[in-house]
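Residue numbering restarts at 1 for every chain, and letters A, B, ... go by the order of the sequence lines. The basis for the numbers below is simple: all heavy atoms, side chains too, and nothing from hydrogens, waters or symmetry mates.
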Amino acid sequence: MSDLKAQIQGIRDAFNQALGQVEGLKGLEELRNHYLGRKRGIIKDLLTDLRSAPKELRPELGQAVNRLKQAVEAGLSEKLEALKSNVSSSKEDGIDLTLPGIAPELGSLHPLNIVNRDLIRIFERMGYEVAGASEIETDFYNFEALGLTKDHPARDMQDTFYVSDEVVLRTHTSNVQIHLMQEKKPPFKAIMPGRVYRKDADITHSPMFHQVEGLVVGEDITFTDLKGTLEHFLKKLFGSDTKMRLRPSYFPFTEPSAEVDVTCIMCGGKGCRVCKNSGWLEILGAGMVDPVVFQNVGYDPETVSGFAFGLGVERVAMLKYGISDIRMFFDNDLRFLSQFN
Amino acid sequence: MDFSVNWLRKYIETKLDADGIAEVLTDQGLTVDEIRRDGDSIVLDIDVTTNRPDAMNYVGLARELATSGNGDMIPIPEPSFTESGTVTEENVAVEIQAPDLCGRYVARYVKNVKIGPSPEWMQELLQEAGIRPISNVVDITNYVLWELGHPLHAFDSRFLQGKQIVIRRAVAGETMLTLDGVERKLTPEDLVIADGERPVALAGIMGGENSEIREDTTDVVIESAWFNPVSVRKTSKRLAIHTDSSHRFERGADIGIALKAANRAADLMAQFAGGEVAPKPIDAFPMPFAAPEILLKSDSLKRILGVEIENDFVEKTLEGLGFSKVQGTKDGSIWQVPSNRLDVTREIDLIEEVARIYGYNRMPSTLPGVESPGRETSPSELIFNQVESVFSAGGFYEAISYSFCSPDDNLAILPKKMDMVRISNPLGENTSVMRTSVLATLMSVAALNLKRGNLALKLFEAGRVYLPKGAQADERVSMAAVAVKGVQSRAWNGREIVADEFTMKGLLNRFEQSVSGMSRITYGACDSAAFNPDKSAALLLNNHTIGYLGQLSGQVLSHFDIDYPLVALELDLSDFVGETQRTVRFKPFSMMPLTQRDSAFLLDRRIRYDEMEAFLKSLDVPYLKNFRLFDRYEGKGVPAGKVSIAINFVFQADNQTLNNEEVNELHQKMVSAFIDKFGAVLR
């Protein structure tokens, strides 16, 4: 039995020596087969020899063989790691591929453009067309036609840049809704992305920002259609676990109107600093198109109905990327822009 | 708007705790933005939308909770005072001279009050809601305002000259010292409450110091009126005074509740200020309230909401909110609107009331059955997309700059006298005009980046520029790109990233290629002072200028306070819009061997390369597949005024192998022609 023990020690010494001399992955593989091969491996042979050892010694010898096997496996895999991490550069004419890579230079789109395209793509897949119009707009298209008469208190809600008494920088992309309805007959589904302007500047307000509005008009368009559409959209935008909450609200050009919240994307609705512990984030405004708006474009509100919604691209981008200061978007610092490619 | 939960519980018996109340109100459109707790006191900060003045008070909130089945309203105690002394009319006269602006004016006269603190419970409630207690009489007017939502005012009758109250427009030049200690100049647009001689209050906004309640006041006139919302709004906006009172009048107070509110205040004054209430209140009511009646058609709820709501629910809801059913017809039911809901004038308004009490979140979700042909990308969007992909793939970062800038920024880029769209109420001079070029605003972005040390600068923007046209503007699609000229970075193996006029031009060519399938732009003398005339070109399409390319001039760099050499591109995209998307057609290529020849020429450096190119093409040499400039050199070894031009020519036939002699002959002929044409010398 001491023979067998001595033999095991001899195998271990031979293995260690051979391991030290191995060069390259191929040599290592040969070594592995030599010791651990299933048919002719040295350790396999040892196990066979073990069967002829006295019964009472077998457990002890078995353990010794096992320890040898573990040592061989450990030695092989350590050597493998060492060889892998030092492949070609170890050769005289080798290339050190751990040097920095050199890619062709690449710029990127502005994060607002990325989000804007995401929004458009979601509605595009739902069969919406994309519409546009002037940013420098008449009072009629920006206000009057939407039911915002000159003395309407809601005009206070939107501090407006004026070019003249009758011409403004549009305060929303709703002017496109009016142009569209004047040009088209229902039914249709459309979205309207674009730049809008309000006289407001602080950490969450920019005098210029971007909106995407949507408008669906037809014979049987209902509030539940609005709900289903927004639910689909918000799940596509923020993920399928997103929940939506509607709160009745007031906009002059929709009725019934709603503010739409989504479960906070930071905390998943548990409550955090971003959602002021409410679990909800306000994300868009929506409602059924007010009959006054239909009358103003020559549609019959008794036969057609429709819904409209609008959201701020900056708001979505701020939530999505975790940006807390809206001015970041318009500073265009390259250290900011280069994070989105 | 802050509301105390303890105060609210005086009007509603409810099992809900503060969080429950907040949730219900939010679901009904009275969003609770915040719940603030301080010991036993809980305050709800409620965002009441402008159309809901009826909910800007405790009774209104209680009504909302009761209507949705979340409790029972507790009625306000009926007045219990006994009238005594001479009738109101003998104590004060009321005359409405502007019935268009004052629809109702109720006056109650309370004698022999003793001014002192209001009862503790009242002070506590006021304080919880953030209102500072002053004295019993003043606190009672505030209390009733928050309880019923109707703004009241109390005058010390001693100071009403001639014992008169006149509701009139202010006379031009008239002034008044308001309670906040500010001298106000009035105009005939302003409605005032005056006595026999002078204004004593700005109607519906703020009282005057000359008639305010003092410590020794004994006789009080309670005003409970209804003022025109637009008039109150105009005056409060012009004078920049915003009060709890103006907030409600601007949005439409309840004309029907004026007498009740006055009686409620008189009752509280009798109880807590020891006052004696004069009989027969004055109630001048030049604009009697006629409740509007609205037909709610039986199929309308389903048509608009998409959900079937039981009639019982509809009736219970509208009645709970104060509407009364006048009659049922075969089409539906006719509902009478209460005087506190002047926002409800149409059927759709009734539908909204039912919907919000029913609960938006209870309704199912469906999708609209509109078949749509789907979307076609607009031509200008396609062009923008093309610019964006070419330039971002070319290492440029997209910027989005403001559409407005300073007039000087516009002029720095397009110095020719040019009209601009001016904003009449800009945030500042720096944002007072709409940009006439994209570069005008992109340069500010570049300057900011350079100031912050971002020297590897390559920026572009595709967007609109705004040129005056009639009352509005010609909003043209345009783009600009800018880069710091030179080696922007160098890799460890020596590879350099360079930006210069030609890398910029390369991207311009790629853009053109992607849109038109060819380069059509030609290069002319640059007439823009924004560019260095020796190192730039005007971009011409069909002989009109559509942009500029090259190094920016020192003048423009110093205007934007930039110390680095910049190359820039400004391009009007209008001509590319609607350009048919290029359809790529496969061209078969030859499998025959190529033969190449190189030639270098010395020639006058003023000769333009596009002329050489055009000439070589015009020769129409057989089997010449293409040619390429592979070196251009001037300096040491080349005489002054000359330049060395080296061109690589590639010959290939479609279906035969060319032999050397053939190629040599073609090449020689071409070289001789070139030498003759340009006075060149073969090197």
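The residues E388(B) and R117(A) are annotated as salt-bridged, a charged nitrogen and a carboxylate oxygen being separated by less than 4.0 angstrom. Using a 4.0 Å cut-off between charged side-chain N and carboxylate O, R452(B) and D331(A) make a salt bridge.
Using a 4.5 Å cut-off between heavy atoms, Y466(B) touches chain A through its side chain atoms alone. If you measure heavy-atom distances from K234(B) to chain A, the contacts under 4.5 Å come from the side chain alone. Neither the backbone nor the side chain of A446(B) comes within less than 4.5 Å of any heavy atom of chain A. Contact of V304(A) with chain B is made through the backbone alone, with heavy-atom distances under 4.5 Å. Contacts of N385(B) with chain A are made by both backbone and side-chain atoms, with heavy-atom separations under 4.5 Å. For P426(B), the part lying near chain A is the backbone, with the side chain staying farther off; criterion is any non-hydrogen pair under 4.5 Å. Of the two parts of E475(B), only the side chain, counted from C-beta on, holds a non-hydrogen atom closer than 4.5 Å to a non-hydrogen atom of chain A. The part of L448(B) that comes within reach of chain A is its side chain, from C-beta onward, which places non-hydrogen atoms under 4.5 angstrom from that chain. Both the backbone and the side chain of D349(B) have a heavy atom closer than 4.5 Å to some heavy atom of chain A. For R52(B), no part lies near chain A; criterion is any non-hydrogen pair under 4.5 Å. Heavy atoms of F340(A) lying under 4.5 Å from chain B are absent altogether. For a residue to count as touching a neighbouring chain, one of its non-hydrogen atoms must lie under 4.5 Å from one of that chain's; by this rule E461(B) touches chain A with the side chain only. With a threshold of 4.5 angstrom between heavy atoms, N425(B) approaches chain A through its backbone and through its side chain. Residue contact with chain A, scored on non-hydrogen atoms closer than 4.5 Å, is absent for I35(B). For V370(B), the parts lying under 4.5 angstrom from a heavy atom of chain A are both the backbone and the side chain. For chain A, no part of F391(B) is nearby; none of its heavy atoms comes within less than 4.5 Å.
Side chains of R195(A) and R464(B) form no contact here, defined as non-hydrogen atoms less than 4.5 Å apart. No side-chain heavy atom of M288(A) sits less than 4.5 Å from a side-chain heavy atom of I348(B). Considering only heavy atoms from C-beta on, S249(A) stays 4.5 Å or farther from T31(B) through its side chain. Side-chain contact between L367(B) and T229(A) is present, with at least one heavy-atom pair separated by less than 4.5 Å. Inter-residue side-chain proximity for L427(B) and F161(A) is flagged as met; some heavy-atom pair is nearer than 4.5 Å. In this structure, L246(A) and M363(B) have side chains that are not in contact, with every pair of non-hydrogen atoms separated by 4.5 Å or more. A heavy-atom distance below 4.5 Å is found between the side chains of Q472(B) and T138(A). Y250(A) is listed as a side-chain neighbour of T50(B), based on a closest heavy-atom distance under 4.5 Å.
Each of L334(A), L226(A), V163(A), D220(A) has some count of heavy-atom pairs under 4.5 Å with chain B, and the biggest count is that of L334(A). Annotation: maximal heavy-atom pairing with chain A below 4.5 Å, among A355(B), A393(B), P364(B), occurs at P364(B). The candidate from S403(B), A471(B), A491(B) with the greatest count of non-hydrogen atom pairs under 4.5 Å with chain A is S403(B). Ranked by heavy-atom pairs under 4.5 Å with chain B, the list A201(A), S164(A), P256(A), G306(A) is led by P256(A). Contact tally against chain A (heavy-atom pairs below 4.5 Å) for R346(B), R422(B), E353(B), Q28(B): the top residue is R346(B). Among the candidates D290(A), V217(A), D200(A), the residue making the largest number of heavy-atom pairs closer than 4.5 Å to chain B is D290(A). In terms of heavy-atom pairs under 4.5 Å with chain A, the best-connected choice from S489(B), S401(B), S444(B), G369(B) is S401(B). Chain B forms the most heavy-atom pairs under 4.5 Å with one residue out of V167(A), I191(A), V168(A), L337(A), and that residue is L337(A).
Of the possible polar contacts, one joining the K227(A) side chain to the Y360(B) backbone as a donor-acceptor pair under 3.5 Å is found. K458(B) places no side-chain N or O within 3.5 Å of a backbone atom of G107(A) that could act as its donor or acceptor partner. Side-chain atoms of S424(B) come within 3.5 Å of backbone atoms of Y162(A) as a donor-acceptor pair (strictly under, hydrogens ignored). Using modelled atom types, no side-chain atom of Y397(B) and backbone atom of R335(A) make a donor-acceptor pair closer than 3.5 Å. Using modelled atom types, one side-chain atom of T366(B) and one backbone atom of T224(A) make a donor-acceptor pair closer than 3.5 Å.
A distance of 9.0 Å separates CG of L99(A) from CG of N493(B), quoted to the nearest 0.5 Å. Considering CZ of R247(A) and CG of D47(B), their distance stands at 8.0 Å, rounded to 0.5 Å. Rounded to the nearest 0.5 Å, atoms CD1 (I400(B)) and CZ (F330(A)) are 7.0 Å apart. Between the CG atom in N361(B) and the NZ atom in K243(A) there is a gap of 12.5 Å [rounded to 0.5 Å]. In this structure, H110(A) NE2 and F460(B) CZ are separated by 10.5 Å, a value rounded to the nearest 0.5 Å. Between the NZ atom of K451(B) and the CG atom of D333(A) there is a distance of 13.0 Å, given to the nearest 0.5 Å.
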